[in-house]
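Before any comments, here is the structure.
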2 protein chains.
Amino acid sequence: MAAAGRILSEEGVRNLSMRRLAKELESTPMALYHHVRDKDELLLLLLEAHAAQFPRTEMPSEPRDQLIKGAQALHDILTECPWIVEVLASDDLMAVSALWIVESIIDGAIRCGMTPEQAVYAYRVIWYYTAGELLLRVARGKHYSQPDAGAHREKAFADLDATQFPRLSSLAELWPTLTSRNMHRSGLIAVIDGLLRQTVG
Amino acid sequence: MAAAGRILSEEGVRNLSMRRLAKELESTPMALYHHVRDKDELLLLLLEAHAAQFPRTEMPSEPRDQLIKGAQALHDILTECPWIVEVLASDDLMAVSALWIVESIIDGAIRCGMTPEQAVYAYRVIWYYTAGELLLRVARGKHYSQPDAGAHREKAFADLDATQFPRLSSLAELWPTLTSRNMHRSGLIAVIDGLLRQTVG
DNA sequence: ACCTGAACACCGTTCAAGT
DNA sequence: ACCTGAACACCGTTCAAGT
């Protein structure tokens, strides 16, 4: 696990393979299969280790604040291992060490006045938004190695027909505004308030 | 392109490789590199072809309705090729044949009273939500082949400590409610209304 | 219980050579 | 201009054999 974490932090997910890990351990790829069932299990163990280390924060008593804080924690805990989202996708329940976050979100939603059905629905919407941010970050990281990272988009804007796309062509320099944690957080609040208004008025 | 489309629809993205496509064409993998620069270019050409075929719908004059319809179109155009989202992620501007959708969303947002900055921000939040839904669908599709698809989640719920996670453990049978287009749409409306309230009150 | 070597069935891509 | 064969540098995983 330590070796895997080392590769992950030093060379990125893209370079974490069973073969590469075996090399790091000066062993053979097959030896690993005596400790994990497959690569996914290895990744889930890495998430579990990471989540266990993540400090479990106190939750605010105000239900809306709890919803926001829970959703923010969901994002924060995964921001250092966004690659895991792809593995998590199949059974969209978190690692056991992070289940308190899901519990907090559902609890906050219900205490805001949502029915259990609405709370699950709200969790899903929040999860899509969060997973989208994380998965796009990973995807961006993959293409980011190429030299034409921003150049491609710049060219697309330059080629834009201003009469056909008046709004877009005026936004060329505004577009690449950095997608920061602040942007994620205010989006999260908009999403949560939108959900609250829709379900409990 | 037709051969690639055939593999895609009959065997899924997972089976679309340069080598597999060459076999389909009774050619060699390397011959393909005379027509596209790399695999990403091939995938983007497939999106372009798909987007060009997608009917360009009339937009409502009411700005909020335009925002919703645009965001819905963004989702609909990509539901049949969700695998492209990963490629799109690097330069988050759509294929040229689908740019009218982005233009519509930005236009709707500005006509709702948002500043250009806020409109780009709103587009980003909508894009994260949409991309999340699509990417999770792809990820789910990958794991879906395994026999223990739902079994794993069911076991996770069964193992839940009811005193530690009272909310979650009462939701076991509610959780796997199907994630339909309806769910996506009402989430979208919540997101958009949340964004509107946050930015223009 | 734990590990190894060889193999299976793949990838994307480059490079030099052919017509 | 278009294609080929061979190679490079990888994948995850299975299977039979070893200690």
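Predicted, not measured: the structure shown is a model, and the values here were computed from it. A, B, ... follow the sequence lines: proteins, then strands. Residue 1 opens every chain.
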Quiz prompt | CD-CD1 distance between B:Q53 and B:I77, expressed to the nearest 0.5 angstrom | solution = 10.0 Å
Quiz item: In terms of side-chain heavy atoms, does A:R137 have a donor or acceptor partner in A:T79 at a distance below 3.5 Å?
Solution: yes
Practice problem: Starting from the 5' end of DNA chain D, give me the residue, A:H34 or A:P29, whose nearest nucleotide shows up first. | Solution: A:P29
Self-check item: Distance in angstrom units between A:Y33 OH and D:dA17 C1', rounded
Solution: 19 Å
Exercise. Nearest whole angstrom, please: distance from the P of C:dT4 to the CD of A:E26.
Key: 11 Å
Self-check item: Donor-acceptor pair between A:T199 and A:Y121 side chains, under 3.5 angstrom
Solution: no
Quiz item: Rounded to whole angstroms, how far apart are CG on A:L32 and P on D:dC11?
Solution: 12 Å
Exercise. Look at A:S17 and D:dC11 and indicate whether a side-chain polar atom (N or O) is within less than 4.0 Å of OP1 or OP2.
Key: yes
Practice problem: Pick base, sugar-phosphate or nothing for B:M30, based on heavy-atom distances below 4.0 Å to the nucleic acid. | Solution: base
Quiz item: What distance do A:I126 atom CD1 and A:Y123 atom OH have between them, rounded to the nearest 0.5 Å?
Solution: 9.0 Å
Exercise. Start with the C-alpha distance between A:T57 and A:W100, add both sets of side-chain angles, then the distance that settles side-chain contact (heavy atoms from CB on, under 4.5 Å), and finish with yes or no.
Key: CA-CA 10 Å; A:T57 52; A:W100 61 273; 4.0 Å; yes
Quiz item: Taking CZ from A:R20 and P from D:dC10, how many angstroms apart are they, rounded to a whole number?
Solution: 10 Å
Exercise. For B:R14 and D:dG12, give me the distance from atom CZ to atom C1', rounded to whole Å.
Key: 13 Å
Exercise. Can you tell me, in whole Å, how much space there is between the P of C:dA9 and that of D:dC10?
Key: 23 Å
Practice problem: May I ask you to verify if any side-chain N or O of A:H35 is less than 4.0 angstrom from the OP1 or OP2 atom of C:dC3? | Solution: yes
Quiz item: On DNA chain C, nearest-nucleotide positions of A:A31 versus A:R19: which is more 5'?
Solution: A:A31
Practice problem: State whether A:W175 and B:R124 meet the cation-pi test: NZ (Lys) or CZ (Arg) under 6.0 Å from the six-membered ring centroid, and within 45° of the perpendicular axis. | Solution: yes
Practice problem: I would like to know whether B:H75 and B:L188 meet side-chain contact (heavy atoms from CB on, under 4.5 Å); could you show each step before the answer? | Solution: CA-CA 10 Å; B:H75 179 259; B:L188 198 55; 5.6 Å; no
Quiz item: Once you round it to whole Å, what is the distance between C1' of C:dT13 and CE of B:M18?
Solution: 9 Å
Practice problem: State whether A:S27 places a side-chain N or O below 4.0 Å from either non-bridging phosphate oxygen (OP1 or OP2) of C:dC3. | Solution: no
Quiz item: When the distance from NZ of B:K39 to C1' of C:dC11 is rounded to whole Å, what number comes out?
Solution: 8 Å
Practice problem: Write down the distance between CG (A:L42) and P (D:dT13), rounded to a whole number of angstrom. | Solution: 10 Å
Exercise. Could you provide the dot-bracket string of DNA chain D, using ( ) for intrastrand pairs, [ ] for crossing pairs and | for bases paired to another strand, with Watson-Crick or G-U pairs below 3.5 Å?
Key: ||.|||||...|||||.||
